Structures are given as structure tokens and as C-alpha cells.
2 protein chains.
Amino acid sequence: MMSDADADTKQRILAAAEAEFLARGYDRSRTQAIADRAQINKAMLHYHFRSKDELFAQVFREKAKQLFPQVEASLREQPDFIRFVCRFVDLYLAYLIENPFLPSYLMQVATNHVELLQQVQIDLPKRLVAAFEAAVKAKVIRPHDARQFVVSLLGMCVMPFVGKNLIQGFLGLDEREYHALLAARAEEIKRYVVLLLTPEHPPERRRTKEA
Amino acid sequence: MMSDADADTKQRILAAAEAEFLARGYDRSRTQAIADRAQINKAMLHYHFRSKDELFAQVFREKAKQLFPQVEASLREQPDFIRFVCRFVDLYLAYLIENPFLPSYLMQVATNHVELLQQVQIDLPKRLVAAFEAAVKAKVIRPHDARQFVVSLLGMCVMPFVGKNLIQGFLGLDEREYHALLAARAEEIKRYVVLLLTPEHPPERRRTKEA
DNA sequence: GTCTATAAAAAGATAGAC
DNA sequence: GTCTATCTTTTTATAGAC
């Protein structure tokens with residue numbers, strides 16, 4: 001049983017923890033900082049959640065649903081696979097711009113808390129692969145390795161976020177320039193998608209054996 | 001002044017620290033673990049290096065030279081920019097397969113120790129951009145935003161390393177399959193490079209205004 | 001359910017002998 | 001230069017009153 005106040009506190013802690021964990025990662029996060037954000041005492045945190053670990057796990061299980069934007073619907077509707085991927089790129093980049101810490105957070109969970117990752121179900125990538133292979137079979141896109149494509153696509157999307165400081169440092173970009181690069185990122189990736197997948201891109205040097 | 005034994009110990013500590021920091025990152029690394037690896041006492045570590053922080057800094061300053069493989073030479077020799085980039089991709093991926101922790105390490109430094117990153121000089125990316133823009137001007141490659149290209153290229157290269165568990169989980173790959181994907185990765189990226197940069201790729205739908 | 005006070009554990013750093 | 005033993009600090013976790 002849970003009173004309103006109880007639920008509210010618990011929610012505040014969860015929200016505070018999410019902010020802290022996303023921004024700083026598990027190791028650099030402090031239970032004290034989470035308590036401060038939630039405007040409660042550290043003891044409360046341990047009352048509602050056994051430990052930092054347990055809190056982290058609960059936050060992740062909740063957050064796992066939002067690691068990718070909702071694109072499932074459009075996946076079924078869209079008959080044109082290239083258009084679908086382009087739409088995904090638009091959605092995903094807009095989503096990441098709103099939630100820039102998501103990629104690093106996800107990768108940290110993947111490296112340091114694999115068991116958590118395995119507990120949740122994230123099937124967007126596998127669906128993408130399946131849709132990709134169906135599209136190849138239907139000859140609406142050029143034959144290609146679906147897994148490699150997904151890795152490339154994800155890499156191109158998340159690179160500016162997981163490597164923000166790196167990119168700024170390497171290319172010498174100030175905040176404004178960095179954000180300009182971000183804003184133009186979706187177009188860049190879509191160009192790649194179209195270029196790679198459009199079938200019968202007029203003859204290059206080599207051609208695969210196909211009718 | 002430094003005796004041989006002294007230098008040897010210091011080197012052992014540095015080597016041990018590098019291994020630990022690369023594999024686990026700063027936060028999860030333990031001075032005790034480093035001492036164990038180096039077969040010395042924790043006190044020795046603090047004798048040769050003031051603190052964990054100082055040790056980390058020295059390791060990074062040393063490692064910074066090896067964050068990218070040596071490609072400077074071939075950059076000047078190679079007149080064909082596309083070939084040069086392809087060669088870089090081959091070199092870089094082979095290098096990363098040998099040093100799979102480098103990308104994550106670099107990104108962690110970039111996010112949690114920016115000041116260290118700023119102290120060292122890593123000019124490969126800027127050189128790439130410069131060479132890219134020169135190649136555009138010389139019309140040996142298609143006009144394109146150099147910075148976006150570099151971000152894409154890096155993203156495609158490092159994604160399988162920074163997101164190993166993620167990819168394995170998402171795509172359901174066991175170790176063998178993951179390594180197969182890695183082995184084929186260079187070809188995948190080079191395909192992208194050629195596709196994107198080769199000039200006058202026979203007419204698509206739209207064309208840029210150009211002679 | 002919430003707090004104050006305190007314990008316990010972990011990890012980094014130092015003192016001092018050899 | 002190297003060690004053992006110890007201190008200090010940081011951070012997580014619990015006891016117990018209200």
C-alpha cells in the first residue's frame with residue numbers, strides 16, 4: 001500500500017536519481033546529490049530503495065522504455081523502407097538533441113551493468129534488421145549487410161553525443177558551431193542512407209550478379 | 001636523477017596504470033589494483049606519483065600520442081584523397097581491434113577530464129578536414145561538409161568498440177559473430193567513403209549546380 | 001514516512017622504519 | 001627506493017527517535 005505522499009516522494013527520488021545518473025553516470029553519481037535534488041534526506045533514499053544499486057536498477061528499468069523514440073507504429077505503416085529509415089533518423093536525432101545524455105548512459109549501462117541490459121527488451125534494432133532484410137528481398141533497397149548498416153546508422157547518430165567534447169576539441173568548435181553541426185546532422189545521415197540503399201544506383205565499376 | 005631500478009619501477013607502475021585505466025576507466029580503477037599489477041606497494045605508487053589523479057594525467061599524456069595510428073606520412077604521399085581515407089580506415093580499424101579500449105578511454109577523458117585533452121595536441125582530425133577541403137577544391141571528391149564527414153567516419157569506426165555489449169545485445173551476437181562483424185567492418189566503411197566521395201557519381205534524381 | 005546521528009566500508013594518501 | 005602500518009576522507013548504509 002502506498003499513500004499519495006509516499007508515492008510522491010518515491011517519484012521525486014526516482015526523478016532526481018534519473019537526472020543524476022543520466023548526467024554523471026553511476027560511478028560519479030552521489031546518493032547525497034540525489035537526495036538534495038529530491039529535497040529529502042539520504043535516509044529516505046535507503047528507506048524507499050534498498051541501495052544505490054537498487055535505485056540505479058529501477059531507474060534503468062523505467063528508462064529503458066524511452067531509450068529510443070516511438071517509431072514502431074510508423075515502421076508498419078511505411079511501405080518505403082528508405083523513407084522509413086530517414087524518418088527514423090529525423091525522429092532519433094531530434095530525440096537525442098532533447099536527451100543528449102541517453103547514448104552515453106546506455107553505453108555505460110551496457111559496459112558496467114550488462115545484467116540490467118539483458119533484463120529489458122529493446123527490439124528496435126532487431127526489427128530494423130528484419131525490415132532491412134525484407135526490403136532487400138523485395139528489392140526496394142540495394143543488397144547489403146543489415147547488421148553493418150545498423151551499426152553504421154547508430155554510430156553516425158550517437159557520435160556527436162557520446163563524443164561531444166572530443167569533437168569540439170578535435171575540430172575546434174565553440175558551442176554555437178557545435179550546435180550548428182548537430183542541427184545539420186540528420187540531413188547528413190539521411191544522405192548516407194539514401195546513397196547506400198537506393199537500388200540500381202546507375203552503374204558503378206563493379207556490379208553484383210543480379211537481374 | 002634516476003637509477004635503473006627506479007626507472008624500471010616507475011615504468012612498471014605506468015604500464016600497470018595504463019592497463020587498469022584503459023580497461024576500467026578512471027572511476028572504476030583502484031590504486032590497489034594498479035599496485036598489484038605492478039607488483040609493488042600502494043605507497044610506492046604515491047612515492048613516484050603524487051596521487052591517482054597525477055598518475056592518470058601522466059598516463060594520458062603518454063597515451064595521447066597513440067590514440068590514432070601513424071598515418072601522417074601517408075597523408076602527404078597519397079595524392080588520391082579517397083584512397084587515403086580508405087587506407088586510414090584500414091589502419092584505424094586494425095589498430096582498434098588491437099586496442100579495443102582506446103575509444104571509450106578517449107571519450108571518458110573527454111567528458112571527465114577535459115583539461116587533459118586540451119593539454120595535448122591531436123591534429124589528425126583537423127588535418128583530415130583540411131585535406132578534405134583541399135580535395136573538394138581540386139574536385140577530386142564530391143563537395144561535402146568536411147566536419148560532418150569526419151564525425152560520420154569516426155562514429156562508424158568507433159561504434160563497435162564503445163558499444164560492444166550494446167551491439168551484441170541488440171543484435172543477439174555471440175563472440176564469434178561479433179568478431180566476424182568487426183572483421184568486415186573496414187570494408188563496410190570504405191564502401192560508404194567511396195560512395196559518398198566519388199565525384200560525378202552518375203546522375204541521381206537531384207543534381208547540385210555544377211559544371 | 002521522515003529525520004538526526006552514527007556506523008561501516010572503501011579507497012586514497014601519509015608516516016616512519018629499514 | 002621500498003615496505004608495513006596507519007590515517008583521512010569520502011561515500012554508502014543503518015539505528016533509533018519522532
Side-chain angles (χ1 to χ4, degrees), chain A residues 1-62 105 108-109 111-113 115-116, chain B residues 1-62 105 108-109 111-113 115-116:
Chain A
M1 282 306 144
M2 217 179 258
S3 81
D4 284 5
D6 195 0
D8 180 57
T9 301
K10 206 164 177 175
Q11 284 310 311
R12 281 218 317 285
I13 299 177
L14 276 172
E18 180 179 314
E20 178 84 356
F21 285 139
L22 272 165
R24 301 173 52 82
Y26 180 85
D27 294 307
R28 296 168 58 88
S29 289
R30 299 291 165 247
T31 53
Q32 182 61 59
I34 295 173
D36 292 346
R37 282 189 200 245
Q39 294 178 302
I40 49 111
N41 193 283
K42 253 195 310 177
M44 280 310 296
L45 187 152
H46 288 279
Y47 171 76
H48 286 285
F49 306 88
R50 191 174 307 281
S51 64
K52 182 187 179 184
D53 250 85
E54 178 54 28
L55 178 54
F56 186 76
Q58 284 207 214
V59 166
F60 178 73
R61 276 191 279 267
E62 189 58 36
Y105 172 69
Q108 276 192 46
V109 172
T111 38
N112 301 328
H113 303 267
E115 70 289 353
L116 288 182
Chain B
M1 282 306 143
M2 216 179 260
S3 80
D4 285 4
D6 196 359
D8 181 58
T9 302
K10 206 163 178 177
Q11 284 310 312
R12 280 218 316 285
I13 299 177
L14 277 172
E18 179 180 315
E20 178 84 357
F21 285 139
L22 273 165
R24 301 173 53 81
Y26 180 85
D27 294 307
R28 295 168 59 87
S29 288
R30 300 292 165 246
T31 53
Q32 182 61 61
I34 295 173
D36 292 346
R37 282 188 199 246
Q39 293 178 302
I40 49 112
N41 193 284
K42 251 198 307 179
M44 280 310 294
L45 187 152
H46 288 279
Y47 172 76
H48 285 283
F49 306 87
R50 192 174 307 280
S51 65
K52 182 186 179 184
D53 251 84
E54 178 54 28
L55 178 55
F56 186 75
Q58 286 207 211
V59 166
F60 178 72
R61 276 191 279 269
E62 188 58 35
Y105 172 69
Q108 277 192 46
V109 172
T111 38
N112 300 328
H113 304 267
E115 72 288 353
L116 288 183

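The chains referred to below are lettered A, B, ... by the order of the sequence lines, with proteins before strands, and numbering in each begins at 1. Just so we're clear, the structure is a prediction, and the values are computed from it rather than from any experiment.
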Intermediate values then yes/no, side-chain contact (heavy atoms from CB on, under 4.5 Å), B:Asp27 and A:Tyr26: CA-CA 10 Å; B:Asp27 294 307; A:Tyr26 180 85; over 6 Å; no
Would you tabulate the side-chain donor-acceptor contacts of residues 39-50 of chain A under 3.5 Å, counting partners in other chains and residues two or more places apart, or write 'none'?
| residue | atom | partner | partner atom | Å |
| --- | --- | --- | --- | --- |
| A:Asn41 | OD1 | A:Ala43 | N | 2.9 |
| A:His46 | ND1 | A:Arg50 | O | 3.2 |

Atom pair distance, as rounded to whole Å: [atom1] in [X] and [atom2] in [N]:
| X | N | atom1 | atom2 | answer |
| --- | --- | --- | --- | --- |
| B:Phe56 | C:dA11 | CZ | P | 17 Å |
| B:Asp36 | C:dA11 | CG | P | 12 Å |
| A:Phe49 | C:dT2 | CZ | P | 12 Å |

Quick one, give me the B/S/- string for nucleotides 4-18 of chain D, reading 5' to 3', where B means a protein heavy atom under 4.0 Å from the base and S means that only happens at the primed atoms, P, OP1 or OP2. B------SBBBB---
For the aromatic rings, using the six-membered ring if either is Trp, is the centroid distance between B:His113 and B:Phe60 under 6.0 Å? no
Run the side-chain contact (heavy atoms from CB on, under 4.5 Å) test on A:Thr31 and A:Leu55 for me, step by step, so that the C-alpha distance in whole Å, both residues' side-chain angles and the decisive distance to 0.1 Å come before the verdict. CA-CA 10 Å; A:Thr31 53; A:Leu55 178 54; 6.0 Å; no
Under 4.5 Å between any side-chain heavy atoms of A:Leu14 and A:Glu62, yes or no?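 Counting from C-beta outward, A:Leu14 and A:Glu62 never come under 4.5 Å.
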